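One structure is given below, encoded as structure tokens.
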Amino acid sequence: MSEISAPKGVRDILPEESWKWAYVFRVFRETAEDFGYSEVHLPIFEHTELFARGIGDTTDVVEKEMYTFLDKGERSITLRPEATASMVRSYLEHRMGALPQPVKMWCTGPMFRYERPQKGRFRQFWQVDFESLGSPHPYADVEIISLSLEAFRRLGLSHLEVLINSVGCPECRPAYRKTLSDYFSSRIDELCETCRSRLERNPLRILDCKRESCRSVTEDAPAVYESLCGECRDHFDMVRAGLDGTGTPYRLDKRLVRGLDYYTKTAYEVLSGALGSQNAVCGGGRYDNLAEAIGGPHVPGVGFAAGVDRILMVMEQQECSFGTEPSIDVYGVALDRDSRAGILHILDLFRRNGISADMDFGGRSMKAQMKSASARKARLACILGESELERGTVTVKDLDSGEQKEISADSIVEEVQKILSAVKD
RNA sequence: GUGAGCGUAGUUCAAUCGGUUAGAGCACUGGACUGUGGCUCCAGAUGUUGGGGGUUCGAGUCCCCUCGCUCACCCCA
């Protein structure tokens with residue numbers, strides 16, 4: 001409609017929404033603290049190579065979804081499509097291998113992918129990203145899964161489905177790959193065109209296919225579990241035992257895969273039926289070979305990323321609580337030029353004493369100002385006019401009860417503080 | 001990148017078969033109530049009907065192009 005608009009796939013988070021976002025971040029921050037994760041702030045762009053190696057240069061994300069450009073020094077730069085690679089880079093760069101392991105960190109911020117937007121999908125979207133680096137122990141996996149579910153529980157999300165699987169490791173995956181490709185070859189007629197090409201490059205991805213025809217084929221596909229090596233099988237068993245021990249409901253999904261070599265062992269996703277076809281609110285797993293893939297030493301790791309935009313959508317649909325909507329304590333109402341100067345001064349005193357306050361500078365009618373006070377959900381209106389100025393007082397009106405009284409201007413801060421704390425209790 | 005649907009005040013939506021000055025609710029502003037919000041009533045302001053071209057005596061309505069939005073595919077948060 002207007003020429004003035006944000007680019008495709010990005011959006012503004014406006015005041016009516018932003019306080020809800022703040023609530024979600026607060027819950028994740030508190031949950032992080034309860035699980036011993038420290039917050040870090042990472043750059044939103046990195047060398048393109050980091051993602052090419054850290055995500056995999058044959059993935060869709062890297063092949064066609066990255067925002068990549070040359071900077072003025074002719075360096076290839078990419079806006080991060082996800083945070084895990086940056087997190088591992090940061091761990092390696094700052095020699096965190098010297099710290100007690102695992103190093104548990106989380107971060108949040110916008111991610112960028114060049115895709116056609118649709119429900120639950122944006123070109124700039126927010127994730128919270130948690131990573132536990134340096135421990136190969138299956139309980140690290142359990143902790144990550146528990147953490148994500150605990151945060152969702154605190155946010156009030158319901159009807160979530162947890163899917164888990166193991167994708168093995170470079171030891172056992174070739175055998176499984178062979179088993180799968182033998183199986184799919186035997187039923188190649190029933191596969192879609194893209195899956196047939198996947199058969200060569202990466203038969204694991206066929207398990208992902210959503211087409212009806214392919215699904216009936218993958219339905220009967222041999223499960224990974226049978227092909228896992230001893231270590232991977234033990235690991236998977238312990239993860240499941242850990243989840244069972246904490247009473248976490250989950251569903252084994254043999255079709256859940258991560259196609260690349262540095263993804264190992266545990267893979268999991270959390271789905272919500274409240275979204276459209278982009279129904280994952282959280283995805284994660286183990287990536288014991290990622291650090292090496294980006295040129296570092298061997299550092300096992302496990303983590304997850306949750307989509308904040310999608311979480312908010314689910315919360316809206318399920319009418320979850322977002323805590324208390326921000327409001328102000330006092331709205332100043334001035335009836336003429338002199339009282340406007342007076343109320344400005346009084347508001348300043350309020351604000352210096354931790355009482356939130358606002359007013360209208362426009363010289364509008366008293367009725368209009370009272371209306372604004374209501375609209376702003378102010379607890380009190382402080383009214384100043386000719387008669388108050390003469391008497392050295394301020395009229396204070398409780399906007400819930402409608403009661404009002406005149407208070408000496410000299411003790412206005414103390415009196416208002418009293419009223420506010422009385423209302424709170 | 002592919003496909004489908006939809007673009008009308010700030011917003012949600014009307015507008016007969018193509019018919020003359022594009023309307024209504026909500027929100028906003030003002031008033032009824034010369035200094036008192038929420039409820040009620042009255043009044044007011046707000047449009048390049050996304051843009052461009054075409055058909056027609058006449059286009060918000062039909063056709064073409066374009067832009068945008070939405071949903072889906074691919075893939076993922």
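Letters A, B, ... mirror the listed sequences (proteins, then strands); counts begin at 1. Remember, it's a predicted structure, so these values are computed and weren't measured experimentally.
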Checklist outcome for this item: Minimal heavy-atom distance between A/Phe28 and A/Phe152, with the atoms involved, is CZ-CE2, 4.0 Å

Checklist entry - Do A/Asp220 and A/Arg187 sit within salt-bridge range, that is, some charged N less than 4.0 Å from a carboxylate O? => result yes

Item to check | A/Phe122 six-ring centre to A/Arg11 NZ/CZ under 6.0 Å and within 45° of normal | outcome: yes

Taking N or O atoms only and anything under 3.5 Å, show me the protein contacts with nucleotides 27-34 of chain B, one pair per line.
residue	atom	partner	partner atom	Å
B/U29	OP1	A/Arg364	NH1	2.9
B/A32	N6	A/Lys367	NZ	3.4

Next on the checklist: Please convert RNA chain B into dot-bracket. A pair counts if it is Watson-Crick or G-U wobble with both distances under 3.5 Å; crossing pairs go in [ ] and bases paired with another strand get |.
Outcome noted: (((((((..((((.....[...)))).(((((.......))))).....(((((..]....))))))))))))....

Checklist entry - Quick one: do the A/Thr393 and A/Glu388 side chains pair a donor with an acceptor below 3.5 Å? => result no

Checklist outcome for this item: Whole-Å distance, A/Arg123 CZ to B/G1 C1', equals 11 Å

Checklist entry - Within this structure, what is the CZ-to-C1' distance between A/Arg121 and B/C74, rounded to whole angstrom? => result 8 Å

Item to check | Nucleotide B/G3, atom P - distance to CD of A/Gln118 in whole Å | outcome: 16 Å

Checklist entry - What integer number of Å spans the P atoms of B/G30 and B/U34? => result 15 Å

Checklist entry - Between A/Lys119 and A/Val61, which is nearer to the 5' end of RNA chain B once each is assigned its nearest nucleotide? => result A/Lys119

Item to check | No-H, no-angle donor-acceptor pair, A/Arg116 side chain to B/G3 base, under 3.5 Å | outcome: yes

Item to check | Nucleotide nearest A/Ile383 when distance is taken to its side chain, options B/U36, B/C76, B/C74 | outcome: B/U36

Item to check | Interatomic distance at P, B/C65 relative to B/A45, whole Å | outcome: 41 Å

Item to check | Sugar-phosphate only, base, or nothing, as touched by A/Lys8 at under 4.0 Å among non-hydrogen atoms | outcome: sugar-phosphate

Checklist entry - Does the side chain of A/Ser372 come under 3.5 Å of the side chain of A/Arg364 through a donor N or O and an acceptor N or O? => result yes

Checklist entry - Among residues 307-323 of chain A, which contact RNA chain B at a heavy-atom distance under 4.0 Å? => result A/Gly307, A/Arg310

Checklist entry - Does the side-chain ring of A/Phe125 sit on the six-membered ring of the B/A77 base, less than 5.5 Å centre to centre and under 30° in tilt? => result yes

Checklist entry - If we take the P atom in both B/A9 and B/A15, what is their distance in whole Å? => result 15 Å

Next on the checklist: Please give the distance between the C1' atoms of B/G3 and B/G18 as a whole number of Å.
Outcome noted: 31 Å

Next on the checklist: Counting only side-chain nitrogens and oxygens, does A/Gln369 get under 4.0 Å of the OP1 or OP2 atom of B/G37?
Outcome noted: no

Checklist entry - Taking the same atom, P, in B/C6 and in B/U20, what whole-Å distance lies between them? => result 24 Å

Under 3.5 Å, which donor-acceptor pairs link side chains of residues 341-357 of chain A to any protein atom two or more places apart or in another chain?
residue	atom	partner	partner atom	Å
A/Asp348	OD2	A/Arg352	NE	3.2
A/Asp348	OD2	A/Arg352	NH2	2.9
A/Arg351	NE	A/Ala357	O	3.1
A/Arg351	NH2	A/Ala357	O	2.8
A/Asn353	ND2	A/Leu349	O	2.8
A/Ser356	OG	A/Asp329	N	2.9
A/Ser356	OG	A/Asp329	OD2	3.2

Item to check | Gap in Å between the two C1' atoms, one belonging to B/A43 and one to B/C33, rounded | outcome: 16 Å

Next on the checklist: Taking A/Asp34 first and then A/Arg154, would you say they form a salt bridge - that is, a charged N and a carboxylate O separated by under 4.0 Å?
Outcome noted: yes

Item to check | Distance-only polar pair, side chains of A/Glu46 and A/Ser86, donor-acceptor under 3.5 Å | outcome: yes

Checklist entry - Which ones in residues 146-165 of chain A lie close to RNA chain B, meaning a heavy atom under 4.0 Å from one of its atoms? => result none

Checklist outcome for this item: Looking only at B/C74, B/A77, B/U36, the nucleotide nearest the A/Gln127 side chain is B/A77

Checklist outcome for this item: Those residues at least two apart in sequence (or on a different chain) that pass salt bridge (Lys or Arg N to Asp or Glu O under 4.0 Å) with A/Glu292 are none

Checklist entry - Roughly, in whole Å, what's the span from CG in A/Asn279 to P in B/A77? => result 12 Å

Next on the checklist: Without decimals, in angstroms, what is the distance between A/Asp129 CG and B/A77 P?
Outcome noted: 10 Å

Checklist entry - For A/Gln404 and B/G38, what is the distance between atoms CD and P respectively, to the nearest whole Å? => result 15 Å

Item to check | Touch class at under 4.0 angstrom, heavy-atom based, for A/Ala373 against every strand present | outcome: nothing

Checklist entry - Any side-chain donor-acceptor pair under 3.5 Å between A/Arg121 and A/Gln278? => result yes

Next on the checklist: By the 4.0 Å heavy-atom rule, please label A/Gln124 as base, sugar-phosphate, or nothing.
Outcome noted: nothing

Next on the checklist: Can you confirm whether the side chains of A/Ser272 and A/Asn279 place a donor and an acceptor under 3.5 Å from each other?
Outcome noted: no

Checklist entry - How close or far is atom P of B/U11 from atom CG of A/Leu14, stated in whole angstroms? => result 12 Å

Checklist entry - How is A/Phe122 classified with respect to the nucleic acid when contacts are heavy atoms under 4.0 Å: base, sugar-phosphate, or nothing? => result base

Next on the checklist: Please tell me whether A/Ser321 and A/Tyr23 have a donor and an acceptor in their side chains that are separated by less than 3.5 angstrom.
Outcome noted: no

Checklist entry - To the nearest angstrom, how far is A/Ile55 atom CD1 from B/C76 atom P? => result 11 Å

Checklist entry - Is it true that A/Glu17 and A/Lys20 have a side-chain N and a carboxylate O under 4.0 angstrom from each other? => result no

Next on the checklist: Would you measure the distance from the C1' atom in B/C28 across to the matching atom in B/U12 and give it in whole Å?
Outcome noted: 15 Å

Item to check | Pair A/Arg29 + A/Glu39, salt bridge at N-O below 4.0 Å | outcome: yes

Checklist entry - Looking only at atom P, what distance separates B/U61 and B/A22, rounded to whole Å? => result 14 Å

Checklist entry - Ion pair present between A/Arg391 and A/Glu406, side-chain N to carboxylate O less than 4.0 angstrom? => result yes

Item to check | Residue closer to the 5' end of RNA chain B, A/Lys397 versus A/Tyr114 (nearest nucleotide) | outcome: A/Tyr114

Next on the checklist: Between A/Ser132 and A/Glu143, is there a side-chain donor-acceptor contact under 3.5 Å, judged purely by atom types and distance?
Outcome noted: no

Next on the checklist: I want to check one thing: is the phosphate of B/C76, taken as OP1 and OP2, less than 4.0 Å away from some side-chain N or O of A/Gln278?
Outcome noted: no

Next on the checklist: Under 3.5 Å, is there any donor-acceptor pair linking the side chain of A/Glu115 to the base of B/A77?
Outcome noted: yes

Checklist entry - So, for A/Phe130 and A/Tyr37, is the gap between ring centers shorter than 6.0 Å? => result yes

